[in-house]
Amino acid sequence: MKKIFSILIPACMALAMFISCGGDDSATDPVATDDVVTDDVVNDDVIPEDTFIRAVDMSFLPETEGAGTVYYNGSTAQDALATLKDAGVNTIRIRLWKDPATAHSGMAEVKALAQKVKAAGMKVWLTVHYSDTWADPANQIKPQAWEGLAFAQLKAAAVTYTQQILTEVNPDIIQIGNETNSGFIYPEGNLVDNEAGFLELVNAVSATIREQSPQAKIMLHYAGIAEGADWFFNKTANVDFDYIGLSYYPIWHGKSIPALQNKIAALKAAHNKEVIVAETSYPFTLGWEDWTNNVVGLDSQIIPAYPATPQGQKDFLLAVRNAVEVGGGLGFCYWGAEWVAFRGSEATNGSTWENQALWDFDNKAVPALEAFNF
């Protein structure tokens with residue numbers, strides 16, 4: 001029988017590296033498990049609906065569809081992007097790796113997916129990891145092709161790569177790095193150990209985007225809502241960028257949605273930037289469909305007021321959206337929506353996220369999609 005306890009994912013999956021942000025962030029977040037927002041009507045007065053970002057990360061979609069996965073809206077098979085668009089999603093987030101071990105998340109696949117997104121009438125939000133694999137607070141491994149370069153050459157390579165991205169994909173939003181709590185492109189871009197190097201790299205990339213694609217919005221991304229977020233965005237205060245992105249997962253970042261709202265408001269006021277919840281998710285069950293250990297599988301990992309049920313998942317997402325709007329934020333993004341158990345019910349290398357997807361164990365769209373409505 002498959003265990004549901006949260007464990008580290010094997011290196012080949014690398015998911016834990018992608019979304020873990022260390023215990024220090026959650027340890028300093030206030031925990032208020034009784035703060036509940038369950039109303040289905042959210043405050044829509046803060047940001048006009050035509051600009052409020054309602055996004056879903058669909059980076060796994062080419063891989064899941066390539067394995068034969070069919071997504072349903074009710075009992076009808078429907079293209080997953082069409083289901084999201086019909087639900088009110090207006091932006092699709094896609095990760096990009098430079099030279100991945102497989103074709104997944106590489107330039108060709110990302111470009112093709114971005115074209116589908118644009119054809120479906122949604123905006124493209126590109127998360128550039130500046131790595132060949134998952135980047136997160138603990139892992140910011142530079143692309144292998146850049147190993148051994150002198151700093152000036154490394155900066156030039158990052159600029160050239162960014163120019164290629166803008167030419168090939170032309171995103172509406174471009175994220176410089178993923179969960180860059182301590183920088184990116186280690187060791188030269190490690191914000192803790194080499195602040196000057198990090199700032200030189202991120203400024204070079206930002207300047208390239210401004211020059212080549214001035215219409216694109218630039219995001220910097222921090223995982224968590226504790227004091228570290230203030231530290232990071234103080235360090236980057238002189239970088240030319242538009243959006244502050246935050247990851248918020250109760251398992252890692254605390255169980256207080258009011259704390260999320262307060263952090264959004266505080267960062268917006270301190271830096272005069274738009275703030276977006278760049279990643280969040282929640283389970284509709286603590287059960288499982290395949291034999292791959294799930295990241296969330298215990299009651300202690302979720303907010304008691306929002307049980308792991310389809311309604312609880314929906315209420316959680318509505319609460320996050322409400323916190324964003326009341327806090328003056330610009331939008332939110334759901335991560336892992338499409339990551340169902342696409343390799344079959346007995347796969348040990350399938351999905352660690354199938355109980356947090358936006359399609360259930362029958363691949364049917366879940367009620368949480370209603371949180372994206374206008």
Side-chain angles (χ1 to χ4, degrees), residues 1-20 56-84 87 89 92-95 97 100-106 108-110 112-113 116-117 132-134 136 249 251 279 281-299 301-302 308-310 312-314 334-369:
M1 179 181 293
K2 173 187 169 185
K3 297 178 182 178
I4 63 171
F5 295 99
S6 175
I7 65 169
L8 291 175
I9 303 171
C12 63
M13 294 300 296
L15 177 65
M17 293 192 299
F18 171 63
I19 51 181
S20 66
V56 172
D57 192 305
M58 294 291 283
S59 301
F60 281 110
L61 186 62
E63 186 172 3
T64 59
E65 288 185 331
T69 301
V70 177
Y71 295 91
Y72 293 87
N73 191 355
S75 59
T76 303
Q78 185 179 35
D79 177 82
L81 294 178
T83 299
L84 295 177
V89 173
I92 298 297
R93 186 175 185 257
I94 312 170
R95 68 174 166 268
W97 295 337
T102 69
H104 298 307
S105 294
E109 182 180 88
V110 167
L113 179 55
K116 290 181 180 178
V117 169
D132 295 333
T133 187
W134 301 99
D136 62 60
Y249 298 100
I251 185 176
E279 293 184 25
S281 70
Y282 206 75
F284 59 80
T285 179
L286 295 180
W288 59 91
E289 186 181 4
D290 61 19
W291 288 3
T292 307
N293 289 283
N294 288 339
V295 170
V296 174
L298 299 172
D299 279 320
Q301 296 170 319
I302 64 175
T309 64
Q313 182 191 43
K314 174 184 172 181
Y334 197 92
W335 195 89
E338 79 287 32
W339 203 11
V340 296
F342 68 104
R343 288 194 169 117
S345 61
E346 296 187 5
T348 57
N349 64 340
S351 174
T352 62
W353 218 259
E354 79 260 22
N355 66 327
Q356 298 189 71
L358 292 182
W359 284 267
D360 64 19
F361 291 173
D362 294 318
N363 293 354
K364 294 182 178 180
V366 298
L369 279 173

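By convention here, the first residue in the shown sequence is residue 1.
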ask   = Taking only residues two or more places apart in sequence or in another chain, which ones pass side-chain contact (heavy atoms from CB on, under 4.5 Å) with Ala77?
value = Val70, Tyr72
request  = For the pair Asp57 and Ile94, evaluate side-chain contact (heavy atoms from CB on, under 4.5 Å) and give the outcome as yes or no after the intermediate values.
outcome  = CA-CA 6 Å; Asp57 192 305; Ile94 312 170; over 6 Å; no
ask   = Side chains of Glu338 and Thr69: closer than 4.5 Å at any heavy-atom pair?
value = no
note = Applying salt bridge (Lys or Arg N to Asp or Glu O under 4.0 Å) to Glu109 and not counting sequence neighbours gives none
query = Using 30° and 60° as the class limits, which term best fits the ring planes of Trp339 and Phe60: parallel, tilted or perpendicular?
reply = parallel
inquiry  = Looking only at the aromatic ring of each residue, does the gap between the centers of Tyr71 and Phe342 stay below 6.0 angstrom?
reply    = no
request  = Can you sort out the partners of Tyr282 under side chain to side chain donor-acceptor pair (under 3.5 Å), two or more places apart, ordered by chain and number?
outcome  = none
ask   = Is a side-chain donor or acceptor of Ser59 paired with a backbone partner of Arg95 at a separation under 3.5 angstrom?
value = yes
query = So which pairs with a foot in residues 355-364 pass side-chain hydrogen bond (donor to acceptor under 3.5 Å, both in side chains), sequence neighbours left out?
reply = Ser281-Gln356
request  = With sequence neighbours excluded, tell me which residues meet side-chain contact (heavy atoms from CB on, under 4.5 Å) with Thr309.
outcome  = Pro307, Gln311
task = Just jot down the side chain to side chain donor-acceptor pair (under 3.5 Å) partners of Gln313, sequence neighbours excluded, or say none.
result = Tyr334
note = Residue pairs passing the side-chain hydrogen bond (donor to acceptor under 3.5 Å, both in side chains) test with at least one member in residues 75-84, sequence neighbours excluded, are Asn73-Gln78, Gln78-Thr83, Gln78-Asp86
